[in-house]
Asks: 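The following block contains the structure, expressed as structure tokens.
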Amino acid sequence: MNAPRLPTERPRWRRVLRFVLRALLGFVLFVVAYVLVFLATGAIAVNRGYVEPQDGVEIWVHAGKAHTDLIVPVRHAIHDWSDDLPVSDFPTLGACYTTHIVFGWGERGFYIDVGDWENLTVTAAVRAMFYLGRSVMHVDYMLGGMPATLLDQRRIVVTEAQYRALVDFIRASFARDAQGRTQPIPGFSYWGHDAFYEGSGRYGLFYTCNTWTNAALRRAGAPTSLWAVFPQCVMSHLPVTPP
């Protein structure tokens, strides 16, 4: 009588192939779910009751291809940004005339090491996506004051109380030393009238530079998205600035 045949083990290459296919399928499903979630939450507006106050503070939001910035007055009764960000931190600013200041928060690798999408590496992308990098604040004193037009901009007017909340949010995004001073990063500047500072918080897949802008606008009571990963999510609910 013949002994029963034992099942043969699958070849090693088949097991590896099966693992790879499952991993790829899992990655694709994750990306699809991520995109669907950001589209859904980006379509949900918050602060729908926003009404422009007759007497308030003008702030601006500027969007590029992948990044958004906040633009606020340099000096206001509520806060003078030159107290936190002295002119000496900016290589070519000197005594140049400026009325507005630009703030952007992001991951150090993208802002400083990469610069633009053409220079993006897999290492930099993974580091940013999985909260492995350090955050920075990019600050730019706009020479000559607020320009009449920007490529993609939105103007919002907020009350002084809302502006104070926005100022507190931006100030809390700077890492500070034991004396409470901001910490500039020497040797890094795009144009000379801008500078980088150590930031607080971690950049990652679920909290990007645009998520930061969106959170700041929510704090200021401006109409924006429930959650924003890309610039379009930030800008879609803001009032369109007249030409």
Side-chain angles (χ1 to χ4, degrees), residues 26-48 50 59-72 101-140 142 147 149-156 158 166 169-170 172-173 190 194 196 199-241:
F27 176 75
V28 170
L29 292 175
F30 172 79
V31 171
V32 171
Y34 179 79
V35 171
L36 290 176
V37 169
F38 102 72
L39 287 175
T41 54
I44 300 173
V46 297
N47 296 330
R48 295 184 183 183
Y50 165 82
I59 62 174
W60 298 76
V61 184
H62 174 245
K65 293 180 180 178
H67 182 77
T68 48
D69 292 308
L70 293 171
I71 307 173
V72 301
I101 188 168
V102 186
F103 293 100
W105 179 92
E107 200 270 334
R108 182 182 180 121
F110 273 96
Y111 255 137
I112 295 178
D113 301 331
V114 174
D116 55 47
W117 290 107
E118 287 76 11
N119 299 326
L120 181 62
T121 64
V122 173
T123 301
V126 170
R127 183 178 59 198
M129 289 171 58
F130 295 102
Y131 300 86
L132 301 175
R134 295 158 56 190
S135 64
V136 295
M137 286 292 289
H138 182 233
V139 181
D140 182 12
M142 298 183 69
T149 59
L150 290 171
L151 182 61
D152 190 4
Q153 64 180 0
R154 298 287 191 277
R155 168 187 170 274
I156 312 105
V158 296
L166 178 65
F169 181 91
I170 296 173
S173 300
Y190 290 152
D194 65 312
F196 287 92
S200 64
R202 288 285 186 178
Y203 183 104
L205 192 60
F206 298 100
Y207 197 91
T208 69
C209 52
N210 300 307
T211 312
W212 177 86
T213 304
N214 194 69
L217 292 171
R218 285 206 316 268
R219 183 72 62 87
T224 189
S225 297
L226 178 64
W227 180 49
V229 174
F230 299 110
Q232 295 79 4
C233 301
V234 176
M235 307 296 278
S236 60
H237 301 290
L238 294 172
V240 176
T241 304

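None of the values given here were measured: they were computed from a predicted structure.
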Asks: Nearest 0.5 Å, what's the OG1-CD1 distance between T224 and I44?
Replies: 12.5 Å

Asks: Mark yes or no for whether R134, through its side chain, and G199, through its backbone, hold a donor-acceptor pair below 3.5 Å.
Replies: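 Here the side-chain-to-backbone pair does not exist.
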
Asks: Which heavy atom of D194 sits nearest to which heavy atom of Y190, and what is that distance?
Replies: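 So the two residues come closest at OD2-N, 2.9 Å.
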
Asks: Taking the side chain as every heavy atom from C-beta outward, state whether M137 and I170 have any pair of such atoms under 4.5 Å apart.
Replies: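 Touching, per the 4.5 Å side-chain cut-off.
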
Asks: Is there a side-chain contact between W60 and I156, using heavy atoms and a 4.5 Å cut-off?
Replies: no

Asks: Between V234 and A228, which heavy-atom pair has the shortest distance, and what is it?
Replies: CG2-CB, 3.7 Å

Asks: Could you check if a side-chain atom of D69 sits within less than 4.5 angstrom of a side-chain atom of D140, using non-hydrogen atoms only?
Replies: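 Not touching, per the 4.5 Å side-chain cut-off.
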
Asks: Looking at every non-hydrogen atom in both residues, tell me the closest pair between T208 and Y203 and how far apart they are.
Replies: CA-CE1, 3.6 Å

Asks: In terms of relative ring orientation, are W105 and W212 parallel, tilted or perpendicular, with 30° and 60° separating the classes?
Replies: parallel

Asks: If you measure from CZ on R218 to OG1 on T211, what distance do you get to the nearest 0.5 Å?
Replies: 9.0 Å

Asks: Show the nearest heavy-atom pair for residues H67 and C209, with the distance to one decimal.
Replies: ND1-SG, 3.2 Å

Asks: Can you name the nearest heavy-atom pair linking G221 to Y50, along with the distance?
Replies: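 That closest heavy-atom pairing would be O-CD1, 3.7 Å.
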
Asks: Sequence neighbours excluded, which residues qualify as side chain to side chain contact (heavy atoms under 4.5 Å, CB included) partners of V72?
Replies: I59, W81, I101, F103, Y163, L166

Asks: Please list, chain by chain and in numerical order, all residues satisfying side chain to side chain contact (heavy atoms under 4.5 Å, CB included) with R219, sequence neighbours excluded.
Replies: A165, F169

Asks: Starting at NE2 of H62, measure out to CE of M235 and round the result to the nearest 0.5 Å.
Replies: 7.5 Å

Asks: Is it the case that the side chain of N210 and the backbone of T68 share a donor-acceptor pair, with hydrogens and angles ignored and the cut-off at 3.5 Å?
Replies: yes

Asks: For a 4.5 angstrom cut-off between non-hydrogen side-chain atoms, does L217 reach L70?
Replies: yes

Asks: Using every non-hydrogen atom in the two residues, find where S135 and G201 come nearest and quote the distance to one decimal.
Replies: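 Nearest pair, atom of S135 first, then G201: OG-O, 2.7 Å.
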
